[in-house]
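Structure first, commentary second.
Lettering of chains follows the sequences in order, A, B, ..., and the numbering in each one begins at 1. Because only heavy atoms are used, hydrogens play no part in the values below, and waters and symmetry mates are left out as well, while side chains stay in.
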Amino acid sequence: MESGNTSPQIELPAYHGPLDLLLTLIQQEKVDIYDIPIARIADQFVDAVRQMESLDMEVTTEFLVLAAQLLYMKSRDLLPKPANYEEGQVEGEDQRQELVERLLAYRTFKQAAQFLEALETSSGRSYYREVDVDAILVDVQPENPLHGVSFDDLWKSFCRVIERAEKGGEIRYVKPDEISIDVMVADVLRRVLLHPKGMRFNQLMRIGSRMEMVVSFLALLELLKSGKVRAEQPAMLSDIMLFPTKKAWEFTEEE
Amino acid sequence: MLFRELETAALEALLFVAKNPLTPELLGEILELGPLEIEELLHKLRARYAADSCGLTLLEINDGFKLGTKPEVSRFIEILYKQPSQALSNAALEVLSIIAYRQPVTRGEVDFIRGVQSDRALATLVEKGIVKEVGRKDGPGRPILYGTTEQFLLHFGLRSLEDLPNLEVGELRVTSLT
Amino acid sequence: MLFRELETAALEALLFVAKNPLTPELLGEILELGPLEIEELLHKLRARYAADSCGLTLLEINDGFKLGTKPEVSRFIEILYKQPSQALSNAALEVLSIIAYRQPVTRGEVDFIRGVQSDRALATLVEKGIVKEVGRKDGPGRPILYGTTEQFLLHFGLRSLEDLPNLEVGELRVTSLT
């Protein structure tokens with residue numbers, strides 16, 4: 001910080017900011033932070049900023065803002081007291097008070113930074129391993145993902161599938177005459193597949209309307225034609241039983 | 001030849017932090033020691049690690065050295081890193097039940113049976129090693145066929161798929177809707 | 001009370017492979033030992049590491065334990081890494097001290113206290129893993145809140161944030177920004 005020059009010489013390189021510069025000037029002047037001689041310090045601050053500029057150092061707007069603020073405070077001190085003295089006085093005091101507070105806070109953290117710096121250089125460092133978790137996990141057997149799953153659970157899951165097929169969500173809530181044959185074919189095939197031991201044709205009916213029966217029957221004819229479903233009628237007028245054939249599974253991915 | 005305590009400590013520290021195995025040449029360079037001395041230090045370290053109360057061990061990999069843990073304690077490490085497996089979702093269980101009984105089966109078939117997309121649930125099952133690809137189906141697009149894995153059999157204590165109890169699907173009394 | 005050689009070895013191995021500091025509770029769970037026994041094992045390990053020829057050290061951080069290298073051998077590791085440990089810039093140290101003491105804190109608040117933009121220094125700290133985002137502040141723009149990491153403690157050899165000396169910070173009206 002010290003230099004042989006009589007004028008307050010600015011130490012290079014730059015300050016960490018305008019507060020840093022201001023704090024340095026105050027310390028150089030050995031004045032009380034609560035009782036800053038604004039006029040003198042403001043001039044020094046402006047000089048320092050000019051010097052920084054001439055040395056092509058980065059002078060951010062923050063420096064200029066604080067310089068302007070200091071000059072304003074200086075001018076207030078110099079000007080004759082205005083008519084509304086009280087008000088202006090309070091405002092000026094507030095400004096000074098705020099500056100002092102900011103300087104104090106900044107000084108405190110600067111000291112804390114110095115503490116950390118001392119810690120960083122003195123302690124000598126410990127180094128740590130970069131643990132390659134993935135490499136470790138390769139050797140670790142993952143927990144059984146089926147933990148707690150029983151046959152019963154699988155069975156219940158399967159029943160849920162069947163139940164959903166029986167409900168036939170999209171079909172049940174649409175008027176039968178709006179159901180396309182394609183959708184009905186898929187619906188019937190799905191249910192027949194889920195009843196490999198056979199299901200009655202009547203079982204296909206959900207609503208019981210004539211139209212539903214017609215569409216279901218057309219769908220069934222389609223499936224019989226393609227050989228995916230086999231129909232048996234043990235006796236005249238008895239229930240028609242439907243069975244999936246081997247071919248039933250031969251639908252393409254597009255279906 | 002003194003004890004070279006600092007160098008031994010440094011050697012251990014270097015092996016501790018190194019990401020890749022360190023060759024004796026590099027170690028010699030850093031510690032400013034010759035190959036014989038490095039060998040001696042490594043030997044010293046190895047002897048120290050031989051103690052039963054020591055969990056570390058000196059590993060030689062491709063002419064380099066690094067630290068590792070002893071096999072005797074690996075089960076403790078497994079506990080530390082054991083990932084609690086998340087319970088399978090209902091969707092995954094549905095997909096699994098279909099695959100278990102209908103295998104080999106394609107994703108399209110599973111989707112069709114469930115009436116909903118199953119890709120996410122299927123991916124989970126494959127990732128967890130419960131279900132795997134077992135081939136390709138003949139036909140357009142030659143879609144992947146899925147089946148259950150060894151792990152699936154093991155979990156249910158089955159010797160083979162034939163041991164799967166029959167699902168009496170036909171017997172299912174369909175809840176009379178409406 | 002036997003020697004518990006296997007458990008000591010396991011303890012060392014666990015500390016070796018753990019990514020984060022291990023608490024005595026977790027160690028006790030894995031090793032199936034009570035808190036007193038864990039303490040004893042840790043003590044044993046620390047005593048072993050005290051030997052000059054040992055390059056490792058047991059560090060306590062945030063009530064957890066972690067292995068590191070001894071400061072005495074750091075210069076050798078820096079040769080391996082081909083770089084002296086880079087000290088933080090003064091600006092970074094200022095930003096860091098503000099975050100350490102006032103966390104969680106926004107960049108705007110740090111800027112205000114320093115009277116200057118801190119984005120570069122802050123980015124460096126985040127990049128080094130010393131500082132991290134810890135959330136968002138309620139209010140306009142929901143600015144990011146920053147706090148220190150475990151890496152911060154490790155870097156400065158602190159056991160916890162309580163190890164930081166007390167600051168006599170006057171009531172700061174940080175909230176009145178602009």
Atom [atom1] of [X] with >12 non-hydrogen neighbours under 6.0 angstrom:
X         : atom1 : result
Asp63(C)  : CG    : no
Glu60(C)  : CD    : yes
Arg136(B) : CZ    : yes

For the atom pair [atom1] ([X]) and [atom2] ([Y]), what is the distance rounded to the nearest 0.5 Å?
X        : Y        : atom1 : atom2 : answer
Glu29(B) : Leu80(C) : CD    : CG    : 11.0 Å
Asp52(C) : Thr8(B)  : CG    : OG1   : 10.0 Å
Lys70(B) : Glu12(C) : NZ    : CD    : 8.0 Å
Arg75(B) : Leu6(C)  : CZ    : CG    : 6.0 Å
Arg48(B) : Arg48(C) : CZ    : CZ    : 8.5 Å

Leu26(C) portion near chain B, given a 4.5 angstrom heavy-atom threshold: side chain

So for Leu11(C), is it side chain, backbone, both, or neither that comes closer than 4.5 Å to the heavy atoms of chain B? neither

Please classify the contact of Leu41(B) with chain C as side chain, backbone, both or neither, using a heavy-atom distance under 4.5 Å.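 Neither; nothing under 4.5 Å.
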
Most contact-rich option vs chain B, by heavy-atom pairs under 4.5 angstrom, among Gly55(C), Ala13(C), Ser53(C), Ala18(C), is Ser53(C)

In terms of heavy-atom contacts, Phe76(B) and Leu31(C) come closest through CD2-CD2, 3.7 Å

Can you confirm whether Ile77(B) sits close enough to Phe16(C) that some side-chain heavy atom of one is under 4.5 Å from a side-chain heavy atom of the other? no

Heavy-atom pair count under 4.5 Å with chain C, highest-scoring of Leu56(B), Thr69(B), Ile79(B):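 Looking at each option in turn, the highest pair count goes to Leu56(B).
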
